[in-house]
Amino acid sequence: MSTTVQDMLDTFPANLGGVDREKLVHCIEACLACAQACTACADACLSEEMVGELTTCIRTDADCADVCAATAAVLTRRTGDDTRVTRAVLEACATVCGACAEECERHADRHDHCRVCAEACRRCEQACNDLIASLG
């Protein structure tokens with residue numbers, strides 16, 4: 001099944017370079033999904049009665065959402081791609097996704113939104129690492 005991310009990359013008029021197209025599409029989609037999950041989780045945390053105990057989670061969610069959104073944007077821009085920059089952004093994204101997943105996993109037994117967010121973070125972390133590995 002085709003996705004908007006895939007459709008847009010298919011219309012790119014120039015060569016995408018040596019990047020693995022399937023891993024690129026998967027990573028962009030995982031970054032976008034993670035950004036949404038983290039934003040929603042932070043908002044849900046703000047609605048919890050024990051919000052004071054969730055401040056680290058909220059902050060980590062917000063940081064992860066921002067980094068994931070930025071990573072998706074950088075990966076989407078293919079013109080003049082610099083592998084060093086791509087690798088650095090992917091490494092940062094994988095790191096913040098791992099940290100956010102760890103934080104959300106601490107609360108996952110009490111808050112389903114943290115469980116869902118942690119799962120999205122782990123998927124994004126893996127997608128970033130898979131794309132890094134394919135860069136050579």
Side-chain angles (χ1 to χ4, degrees):
M1 182 166 93
S2 181
T3 65
T4 301
V5 171
Q6 184 175 359
D7 290 345
M8 287 304 298
L9 288 174
D10 287 346
T11 67
F12 194 73
N15 186 320
L16 292 178
V19 68
D20 181 311
R21 182 182 295 264
E22 184 177 323
K23 287 182 175 152
L24 177 63
V25 168
H26 181 67
C27 192
I28 292 169
E29 290 173 343
C31 286
L32 294 171
C34 191
Q36 188 278 330
C38 289
T39 299
C41 186
D43 189 58
C45 285
L46 288 168
S47 295
E48 295 290 350
E49 287 181 25
M50 56 194 278
V51 68
E53 296 174 26
L54 296 169
T55 55
T56 301
C57 191
I58 295 164
R59 171 61 189 267
T60 307
D61 282 338
D63 289 346
C64 192
D66 289 346
V67 171
C68 287
T71 301
V74 169
L75 294 176
T76 298
R77 292 190 290 268
R78 304 308 309 157
T79 303
D81 180 47
D82 183 334
T83 304
R84 295 170 303 160
V85 172
T86 301
R87 183 181 305 279
V89 169
L90 286 166
E91 288 171 353
C93 191
T95 298
V96 75
C97 284
C100 192
E102 287 173 12
E103 180 59 31
C104 281
E105 287 164 354
R106 289 184 183 95
H107 311 286
D109 61 332
R110 289 169 286 162
H111 306 293
D112 281 337
H113 52 85
C114 287
R115 178 189 51 78
V116 171
C117 186
E119 291 168 359
C121 289
R122 291 292 182 203
R123 284 190 298 272
C124 190
E125 178 184 29
Q126 185 62 55
C128 288
N129 285 326
D130 289 347
L131 187 54
I132 290 167
S134 77
L135 295 176

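Note that the structure is a prediction, hence the values are computed from the model and not measured.
- Taking CZ of Arg122 as the reference point, atom SG of Cys97 lies at 9.5 Å (rounded to 0.5 Å).
- When side chains are defined from C-beta on, Cys45 counts as touching His113, because their heavy atoms get closer than 4.5 Å.
- Separation of atoms CZ (Arg87) and SG (Cys128) is listed at 12.5 Å; rounding is to 0.5 Å.
- Environment of CZ in Arg59: sparse, with no more than 12 heavy atoms of neighbouring residues, nucleotides or ligands closer than 6.0 Å.
- Residues Ile28 and Leu24 are in side-chain contact: their nearest non-hydrogen atoms beyond the backbone lie under 4.5 Å apart.
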Subject >> Derivation of the side-chain contact (heavy atoms from CB on, under 4.5 Å) call for Arg106 and Thr56 >> reply: CA-CA 11 Å; Arg106 289 184 183 95; Thr56 301; over 6 Å; no
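- Remark: the Asn129 side chain and the Glu125 side chain contain no N/O donor-acceptor pair separated by less than 3.5 Å.
- The side-chain contact (heavy atoms from CB on, under 4.5 Å) test with Cys124 singles out one residue from Cys64, Cys38, Cys93, Cys100, and that residue is Cys93.
- Between Cys104 and Cys121 the shortest side-chain heavy-atom distance does not fall below 4.5 Å.
- In plain terms, the two heavy atoms of Thr71 and Cys31 that are nearest each other are CG2-SG, 3.7 Å.
- Linking ILVMFWY side-chain heavy atoms closer than 4.5 Å, directly or via other members, places Leu32 and Phe12 in a single hydrophobic cluster.
- Environment of CD in Glu91: crowded, with over 12 heavy atoms of neighbouring residues, nucleotides or ligands closer than 6.0 Å.
- The structure places CG of Asp63 at 12.0 Å from CD1 of Ile58, a figure rounded to the nearest 0.5 Å.
- Annotation: the span from Cys117 atom SG to His111 atom NE2 amounts to 12.5 Å, rounded to 0.5 Å.
- Val5 and Leu131 fall within a single hydrophobic cluster, where Ile, Leu, Val, Met, Phe, Trp and Tyr are joined by side-chain heavy atoms under 4.5 Å apart, directly or via other members.
- In this structure, OG on Ser47 lies 10.5 Å from CG on Leu54, to the nearest 0.5 angstrom.
- A distance of 4.5 Å separates CZ of Arg110 from CE of Met50, quoted to the nearest 0.5 Å.
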Subject >> Criterion side-chain contact (heavy atoms from CB on, under 4.5 Å) on Glu22 and Val25, from CA distance to verdict >> reply: CA-CA 5 Å; Glu22 184 177 323; Val25 168; 6.0 Å; no
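- Using modelled atom types, one side-chain atom of Arg21 and one backbone atom of Leu9 make a donor-acceptor pair closer than 3.5 Å.
- Considering every non-hydrogen atom in both Leu90 and Cys27, the closest pair reads CD2-SG, 3.7 Å.
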**OP:** Evaluate side-chain contact (heavy atoms from CB on, under 4.5 Å) for Arg78 paired with Val19, printing each intermediate quantity in order.
**Re:** CA-CA 10 Å; Arg78 304 308 309 157; Val19 68; 3.8 Å; yes
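- Minimum interatomic distance between Arg123 and Ala30 (heavy atoms only, all atoms of both residues): O-CB, 4.4 Å.
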**OP:** Kindly indicate, with the supporting measurements, whether the criterion side-chain contact (heavy atoms from CB on, under 4.5 Å) is fulfilled by Leu75 and Val89.
**Re:** CA-CA 9 Å; Leu75 294 176; Val89 169; 5.9 Å; no
